Amino acid sequence: MESYLGQEKAIFLIGAILSTLTLFFLPHSPVLWIAAGCLWVLDASINISMEPFRALVADKLPESQRSYGFVMQTLIIGVGTWIASNLPWLVNKLGVSNVAEPGIVPLSIKIAFAIGGAVFLLSILYTIFTTSEYPPDDLVALKKSNNESKGFLNGVKEIFQGISNMPRTMMLLGIIQFFSWFAFFAMWSLATPALTDHVFKAPLPIEQAYNMSNEASKTLFVEASKAYNNAADLVGSYMGMYGLSSMAFALILTLYAAKRDINRKYIHMLSLLAGVLDLYLCTLFKILNS
């Protein structure tokens, strides 16, 4: 497969298949630990596909066009983020219920996950079949290196050798990425419970707080659950706005980078500072409104 597809595109395909299968299965997880395991597999599988994409952009474009290529990639990611964030809301508006029995994922969420998995796989397949991949300069040396690094122990050894021999720039970037993704996942994980509770006044109802054998109490639980799900759909939709903002920013950079050189390091730094400022402003507005 690798000789036909090329090394990067073979990795794309493996990651896409694993991601798609996980996206289809995740909302049907019978217990929490399986759902958590699916998230772990999903995160790893998406990275298997997405990281070589950045390398492909660098391989396909000359140095003078790489900034433009990376900016275009950011632009398309922003569009995808906005569409994906609005999928549960859109599916619900099309008539699919976003309410389910306690412990069951609503059908609208299951359909949104399935659509996401299908689009992801089709996008990767389109890239594989329409994009050529340049062979390495020394194919014989590459095959020799691959054969020497086969096996689990050799793989672990290669990882530690790569870390110990990592250039200083990559080490600094790794530290920045660690703290960046820490903030991202904190925001993604806590945005829905925080905003549904404090902004929409529709917290997730706790089943144990209701007498489910009493019809009136069960009705209150269903109404509270529907209010929460509606608020959660809106939170997802609003979260898509940061995708639109990144898309708009990328569009401005695209127009600028098409005619002039940009300093990727400073653009990255300013973008991170803008994200930090935004998170602090959220906290400040909460304090001022309390």
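Predicted, not measured: the structure shown is a model, and the values here were computed from it.
Residue Ser225 holds its OG atom at 10.0 Å from CD of Glu207, rounded to the nearest 0.5 Å. Within the model, atoms OG1 of Thr130 and CG of Leu125 stand 10.0 Å from one another, a figure rounded to the nearest 0.5 Å. One distance of note links CG of Leu121 with CG of Leu21; it measures 8.5 Å at 0.5 Å rounding. Atom CG of residue Leu234 and atom CG of residue Asn92 lie 9.5 Å apart, to the nearest 0.5 angstrom. Interatomic distance, NZ of Lys93 versus OG of Ser108, reported as 11.5 Å (0.5 Å rounding).
Hydrophobic clustering keeps Phe113 apart from Ile104 (ILVMFWY residues linked when any side-chain heavy atoms are closer than 4.5 Å, directly or through intermediates). Using a 4.5 Å cut-off between side-chain heavy atoms of Ile, Leu, Val, Met, Phe, Trp and Tyr, with links allowed through other members, Leu173 and Phe182 fall into different hydrophobic clusters. Transitive grouping of hydrophobic side chains (ILVMFWY, heavy atoms separated by less than 4.5 Å) keeps Phe120 and Phe25 in distinct clusters. Hydrophobic clustering, with ILVMFWY side chains joined whenever heavy atoms are under 4.5 angstrom apart, keeps Met269 apart from Ile176. Cluster annotation: Val79 and Val119 are assigned to distinct hydrophobic clusters (Ile/Leu/Val/Met/Phe/Trp/Tyr, side-chain heavy-atom contacts under 4.5 Å, transitive).
A distance-only check finds a donor-acceptor pair linking the side chain of Asn229 to the backbone of Asn98 [under 3.5 Å]. A donor-acceptor pair is defined here as one N or O able to donate and one able to accept, closer than 3.5 Å; such a pair exists between the side chain of Ser29 and the backbone of Leu26. Distance alone, capped at 3.5 Å, is enough to place a donor-acceptor pair between the Thr20 side chain and the Gly117 backbone.
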side-chain contact (heavy atoms from CB on, under 4.5 Å) between Phe200 and Asn230, worked out: CA-CA 10 Å; Phe200 293 95; Asn230 288 337; over 6 Å; no

Show your reasoning for whether side-chain contact (heavy atoms from CB on, under 4.5 Å) applies to Cys38 and Thr22. CA-CA 6 Å; Cys38 285; Thr22 308; 3.8 Å; yes

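Minimum interatomic distance between Ser217 and Asn211 (heavy atoms only, all atoms of both residues): OG-N, 2.9 Å. Between Met212 and Phe221, the shortest heavy-atom distance links the atoms CE-CD2, 3.7 Å. Between Asn214 and Ala216 the shortest heavy-atom distance is OD1-N, 3.0 Å. Between Val105 and Lys110, the shortest heavy-atom distance links the atoms O-CE, 3.3 Å. Closest non-hydrogen pair, Ser19 versus Leu42, comes out as O-CD1, 3.8 Å. In terms of heavy atoms, Ala227 sits closest to Ala202 at O-CB, 3.8 Å.
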Under 3.5 Å, which donor-acceptor pairs link side chains of residues 80-91 to any protein atom two or more places apart or in another chain?
from	atom 1	to	atom 2	distance (Å)
Thr81	OG1	Ile77	O	2.8
Ser85	OG	Thr81	O	2.8
Asn86	OD1	Ser237	OG	2.5
Asn86	ND2	Trp82	O	2.7

Anything under 3.5 Å between a donor and an acceptor, one on a side chain of residues 185-196, the other on a protein residue two or more places apart or in another chain? List them.
from	atom 1	to	atom 2	distance (Å)
Trp188	NE1	Tyr242	OH	2.9
Ser189	OG	Phe185	O	2.7
Thr196	OG1	Thr192	O	2.6
Thr196	OG1	Pro193	O	3.3

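In terms of the side-chain contact (heavy atoms from CB on, under 4.5 Å) criterion, residue partners of Met171 (sequence neighbours excluded) are, by chain and number, Met166.
A 6.0 Å sphere centred on CE of Met241 holds no more than 12 heavy atoms belonging to other residues, nucleotides or ligands.
Between Leu272 and Val276 there is no side-chain heavy-atom pair separated by less than 4.5 Å.
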